[in-house]
Amino acid sequence: MTFYSPAQTAEKTGFSIDTLRYYEKIGLLDRIDRTAAGRRRFSADDLGFLGILRCLRDTGMPIAEMRRYAELSRGGDATLGERIALLEAHDERIDRQIETLLAQRKHLRGKIQYYRDVSATA
C-alpha cells in the first residue's frame with residue numbers, strides 16, 4: 001500500500017497541512033494511519049475522500065454538512081439513501097447559486113456595455 005506524507009497530501013489535494021490537521025480534528029477525516037514515530041500518513045483512499053471534500057467545500061457546503069456526509073460515509077451501504085439525499089439537496093443549492101450568478105453576470109455585462117457606450121461617445 002502506498003502512503004503519502006502530509007506535505008505530499010497537501011500538494012496532491014490543494015488543502016494546506018493546517019486544513020488537513022483541522023479536518024482530522026473535527027472528524028471529517030477518520031482513522032488516519034500513523035507511522036511508528038506517530039507521524040500521519042495518508043492512503044490513496046484518504047486522498048480520494050479528500051477529493052470529494054474538496055468538491056463539497058469548493059461548492060459551498062457548510063462544514064456541519066460535510067461532517068454529516070463524512071459520518072454517513074463511515075456508515076457503509078446502510079447510509080447510501082441519506083448520502084444521496086444530502087448530496088441532492090446540495091446539488092439543488094448549487095443550481096440556485098448558478099442561476100443567481102448567471103443573472104448577476106448578465107446585469108454586470110449590461111453595465112460594462114453601458115460604460116463602454118458612454119466612454120465611446122465622450
Side-chain angles (χ1 to χ4, degrees):
M1 179 181 270
T2 303
F3 288 99
Y4 303 92
S5 70
Q8 291 170 317
T9 301
E11 183 179 322
K12 289 180 178 297
T13 64
F15 288 117
S16 69
I17 292 173
D18 289 338
T19 298
L20 294 172
R21 197 175 295 119
Y22 174 69
Y23 280 6
E24 186 177 9
K25 179 181 175 183
I26 65 169
L28 281 175
L29 298 175
D30 188 42
R31 299 184 194 134
I32 299 301
D33 196 66
R34 297 202 180 255
T35 66
R39 292 189 176 94
R40 290 175 296 137
R41 60 185 191 169
F42 296 83
S43 68
D45 287 344
D46 295 328
L47 268 61
F49 192 70
L50 283 162
I52 186 66
L53 291 180
R54 164 63 69 196
C55 174
L56 297 176
R57 184 179 102 167
D58 288 353
T59 55
M61 181 179 273
I63 289 284
E65 286 184 31
M66 290 172 65
R67 288 177 68 191
R68 179 69 181 142
Y69 176 79
E71 178 184 302
L72 290 170
S73 293
R74 290 189 283 274
D77 289 350
T79 67
L80 286 174
E82 288 178 85
R83 280 185 271 167
I84 290 168
L86 188 142
L87 293 175
E88 285 177 338
H90 183 60
D91 186 53
E92 289 172 16
R93 284 193 306 270
I94 292 169
D95 278 342
R96 288 192 301 276
Q97 289 173 335
I98 290 169
E99 289 172 12
T100 299
L101 285 171
L102 288 172
Q104 295 295 1
R105 182 185 199 192
K106 184 177 178 181
H107 184 139
L108 179 63
R109 286 182 171 179
K111 186 57 83 174
I112 291 167
Q113 189 58 53
Y114 170 78
Y115 288 140
R116 284 184 177 151
D117 293 345
V118 168
S119 70
T121 60

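In this chain, residues are counted from 1 in sequence order. Side-chain atoms are counted along with the backbone in the values below, which use heavy atoms only and exclude waters and symmetry mates.
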>> Can you confirm whether Lys25 sits close enough to Arg21 that some side-chain heavy atom of one is under 4.5 Å from a side-chain heavy atom of the other?
In response: no

> Heavy-atom distance under 4.5 Å between the side chains of Arg96 and Glu92, does that happen here?
Replying inline: yes

>> Can you tell me how far apart CG (Asp45) and CZ (Arg31) are? Round to the nearest 0.5 Å.
In response: 12.5 Å

> For Ser43, does its backbone N or O pair with a side-chain atom of Asp46 as donor and acceptor, under 3.5 Å?
Replying inline: yes

> Pick one: which of His107, Arg105, Lys111, Lys106 meets side-chain contact (heavy atoms from CB on, under 4.5 Å) with Arg109?
Replying inline: Arg105

> Other than Ile17, what residues sit in its cluster of Ile, Leu, Val, Met, Phe, Trp and Tyr side chains whose heavy atoms are under 4.5 Å apart, directly or through others?
Replying inline: none

>> With rounding to the nearest 0.5 angstrom, report the CD to CD distance, Glu71 to Glu82.
In response: 9.0 Å

>> For the CD atom on Gln97, are there more than 12 heavy atoms of other groups (residues, nucleotides or ligands in this structure) within a distance under 6.0 Å?
In response: yes

>> With a 3.5 Å distance limit and no angle check, can you tell me whether Arg40 reaches the backbone of Asp33 through a side-chain donor-acceptor pair?
In response: no

> Which distance, rounded to the nearest 0.5 Å, do you find between the CG of Leu101 and the CD of Glu99?
Replying inline: 10.5 Å

>> Which residue is it: Thr100, Leu102, Leu108? I am looking for the one with a side-chain contact (heavy atoms from CB on, under 4.5 Å) to Gln104.
In response: Thr100

> Just wondering, are more than 12 heavy atoms of other shown residues or ligands nearer than 6.0 Å to CZ in Arg34?
Replying inline: yes

>> Other members of the hydrophobic cluster containing Ile32, with the 4.5 Å side-chain heavy-atom rule, please.
In response: Tyr4, Phe15, Leu20, Tyr22, Tyr23, Ile26, Leu28, Leu29, Phe42, Leu47, Phe49, Leu50, Ile52, Leu53, Leu56, Met61, Ile63, Met66, Tyr69, Leu72, Leu86, Leu87

> Is Glu65 salt-bridged to Arg68, going by a charged N under 4.0 Å from an acidic O?
Replying inline: no

> Looking at Gly60 and His90, what are the two nearest heavy atoms and their distance?
Replying inline: C-CE1, 3.9 Å

>> Give me the atom names and distance for the closest heavy-atom approach of Gly27 to Ala70.
In response: O-CB, 4.1 Å

> Is the backbone of Ser5 close enough, under 3.5 Å, to the side chain of Gln8 for a donor and an acceptor to pair up by distance?
Replying inline: yes

> Considering all heavy atoms of both residues, which atom of Ser16 and which atom of Ala10 are nearest to each other, and what is their separation?
Replying inline: C-CB, 4.3 Å

>> Testing the 3.5 Å rule here: is there a donor-acceptor pair between the side chains of Thr79 and Arg83?
In response: yes

> Remaining members of Phe3's ILVMFWY cluster at a side-chain heavy-atom cut-off under 4.5 Å?
Replying inline: Met1

> Heavy atoms, side chains only, cut-off 4.5 Å: are Thr19 and Arg57 in contact?
Replying inline: yes

